[in-house]
Amino acid sequence: MRHNETRNVTLLSRLVNRIILFFYWQKGWTIIERFPEDVKKCVIAGAPHTSNWDFVFFAGATKHSNVQPNFMGKHTLFGGMMKNFMLDMGGIAVDRTKRTNTVEQMKAEFDRREELNLVIAAEGTRSSDGKWRSGFYNIAKAAGVPIVLAYADNAKRTIGFSQPIMPSGNYGEDLLKIAEWFRSKIPDLDRYKVLEQQARDIIAGKNDV
């Protein structure tokens, strides 16, 4: 949607947003480190990704902080009656049939918007062992925007966000800093240990992704 377009927010999206906030509050989640107030554009890299509820709780936390979370979706989901709902929820259509790749399409979105907080589950699928895919980093680097880290401690029902991290261009070193931040929050989580080892392997030249 272009910024000069106006339309009414769909009833369905208003209802879904209320349900998200209801579950966020009803489950007793607490934000212990708030989203940085001065950040208007960023990639939010969240982990661990272990349940479909992850997005609900992260969305609830961001909305509680008056931040609109955005997410990528297949362009086919933005057709017909679903279009306005998907846009209202923060969806950004990605057309994988175009010659431009996902990174280029997201860079264009960041360039044309005044605010964009793109949430990415950097582990990819819920079945991940904890290794991260580099897409979140490549998007942030191409768009020239910082990365804000987000974690959820299911045992304590707490959520926290990091201060913004600008990609330096050295993926391995930046990933190690990211892993160390996550491990400082939940030191014994196996997925975070795997992430730290992945970063060290990249630095040592044993792995390049």
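Both backbone and side-chain heavy atoms feed into the values below; hydrogens, waters and symmetry mates do not.
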Remaining members of the apolar cluster that contains V194, side-chain heavy atoms under 4.5 Å: none

I186 and its side-chain contact (heavy atoms from CB on, under 4.5 Å) partner, picked from N154, T158, D153: D153

From N70 atom CG to M89 atom CE, the distance as rounded to the nearest 0.5 Å: 11.0 Å

Residue pair V39 / N117: nearest heavy atoms and the distance that separates them: O-OD1, 4.3 Å

Minimal non-hydrogen separation, F78 against G73, with atom names: CE1-O, 3.8 Å

Single-linkage hydrophobic cluster V148~M166, side-chain heavy atoms < 4.5 angstrom: no

Interatomic distance, I147 atom CD1 to L118 atom CG [nearest 0.5 angstrom]: 11.0 Å

Approximate separation, where rounding is to 0.5 Å, of D190 CG and D129 CG: 10.0 Å

Non-hydrogen atoms of L189 and P48 that approach each other most closely: CD2-CG, 3.9 Å

Side-chain heavy atoms of T30 within contact of K156, under 4.5 Å: no

Beyond-backbone contact of V43 with F110, side-chain heavy atoms, under 4.5 angstrom: yes

From Q163 atom CD to E33 atom CD, the distance as rounded to the nearest 0.5 Å: 8.5 Å

K185 atom NZ, neighbour heavy-atom count above 12 within 6.0 Å: yes

K41 (side chain) donor-acceptor with R113 (main chain) under 3.5 angstrom: yes

Charged N-O contact under 4.0 Å between K177 and E173: no

Nearest heavy-atom neighbours spanning K193 and P187: CE-O, 3.8 Å

Test log, rule side-chain contact (heavy atoms from CB on, under 4.5 Å), inputs M82 and L77: CA-CA 7 Å; M82 287 296 293; L77 298 175; over 6 Å; no

Heavy-atom check, side chain of F35 versus side chain of P69, under 4.5 Å: no

Heavy-atom pair of closest approach, residues F136 and A122: CD2-CB, 3.9 Å

S162 versus P36, closest heavy-atom pair with distance: O-CD, 3.6 Å

Any side-chain heavy-atom pair of I139 and M72 under 4.5 Å: yes

Spatial distance of atom CD (E123) from atom NZ (K131) [nearest 0.5 Å]: 12.5 Å

Side-chain hydrophobic cluster, 4.5 Å single linkage: members besides L176: I203

Value rounded to 0.5 Å, distance of CG in D201 from CD in E196: 11.0 Å

Backbone N/O of S168 and side chain of D174: donor-acceptor pair under 3.5 Å: yes

Whether Y151 and W181 hold their rings parallel, tilted or perpendicular, with breakpoints at 30° and 60°: perpendicular

Donor-acceptor contact below 3.5 Å, side chain Y137 vs main chain G169: yes

